K.L.:
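I am attaching a structure below and will ask some questions about it afterwards.
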Amino acid sequence: MLVLLDRDGVINEDRADFVKSPAELIFIPKALEAIARLNGHGHKLAVVTNQSCIGRGIINEDQLDSIHGKLRDALAKVAGRLDDIIIAPDAPWAATERRKPGPGMLIEAMRKFNMLPAETVLIGDSERDIEAAKSASCHRILVQTGKGRKTLADGLKRHLMPVHIAADLDEAANFILEGRF
Ligand SMILES: [Mg+2]
């Protein structure tokens, strides 16, 4: 399958004031190992992340590259890797279809890896992730890390169903490896 991962709140701890440096990128327990397990079973993995901190002028692309360098290095240590990191830098007030809940990044990823929506699953912690996946007709998993608990407590809109609920990326990886999709 093609596994599309939201970043903040799925792989690393979400921060209300944005991850602005490698030091602020704090990994969620077992998340990196979950990515490596999926790699090991032949799945393609790509991050699809809204990074409005670029569009807002809080950090620049070089700083974002150094944050993702830390992510790639940490993954390499557990024999994991990402096949792509796709970014929507748009500020919310200048959002394009690429910024989630728009499906643009997901459609780009499916084209790049030549995968159908039925072969693609998105894992996210926010309703906008799930909205983007619904718009792109992908399978969807909501994790309970990051904003996930609040997202679930607030209630997911009915049109987004079915949504699989996992404790974290580790459990979401198990769903995929069990062949649920
Ligand atoms: Mg998130």
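Counting starts at 1 for both ligands and their atoms, in listed order. Everything quoted here is computed from the prediction, not taken from an experiment.
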K.L.:
Counting backbone and side-chain atoms alike, does D14 have an N/O/S atom under 2.8 Å from the Mg ion (ligand 1)?
P.N.:
no
K.L.:
Kindly report the OD2-the Mg ion (ligand 1)-OD1 angle for D6 and D125 respectively, rounded to 10°.
P.N.:
80°
K.L.:
I'd like to know: is the Mg ion (ligand 1) within the 2.8 Å range of an N/O/S atom from D129, strictly under that distance?
P.N.:
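Short answer: no, not a single N, O or S atom is under the cut-off.
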K.L.:
If you draw a 6.0 Å radius around CG in D154, do more than 12 non-hydrogen atoms from other residues or ligands fall strictly inside?
P.N.:
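Correct, the count exceeds 12.
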K.L.:
Measure from the Mg ion (ligand 1) to every N/O/S atom of D8 and report the name of the nearest one.
P.N.:
O
K.L.:
Do R56 and W93 come close enough that some side-chain heavy atom pair is under 4.5 Å?
P.N.:
yes
K.L.:
For E24, does the CD atom have more than 12 heavy-atom neighbours from other residues, nucleotides or ligands under 6.0 Å away?
P.N.:
yes
K.L.:
Using side-chain hydrogen bond (donor to acceptor under 3.5 Å, both in side chains), reason through T145 and D168 one step at a time and then give a plain yes or no.
P.N.:
CA-CA 6 Å; T145 48; D168 54 14; over 6 Å; no
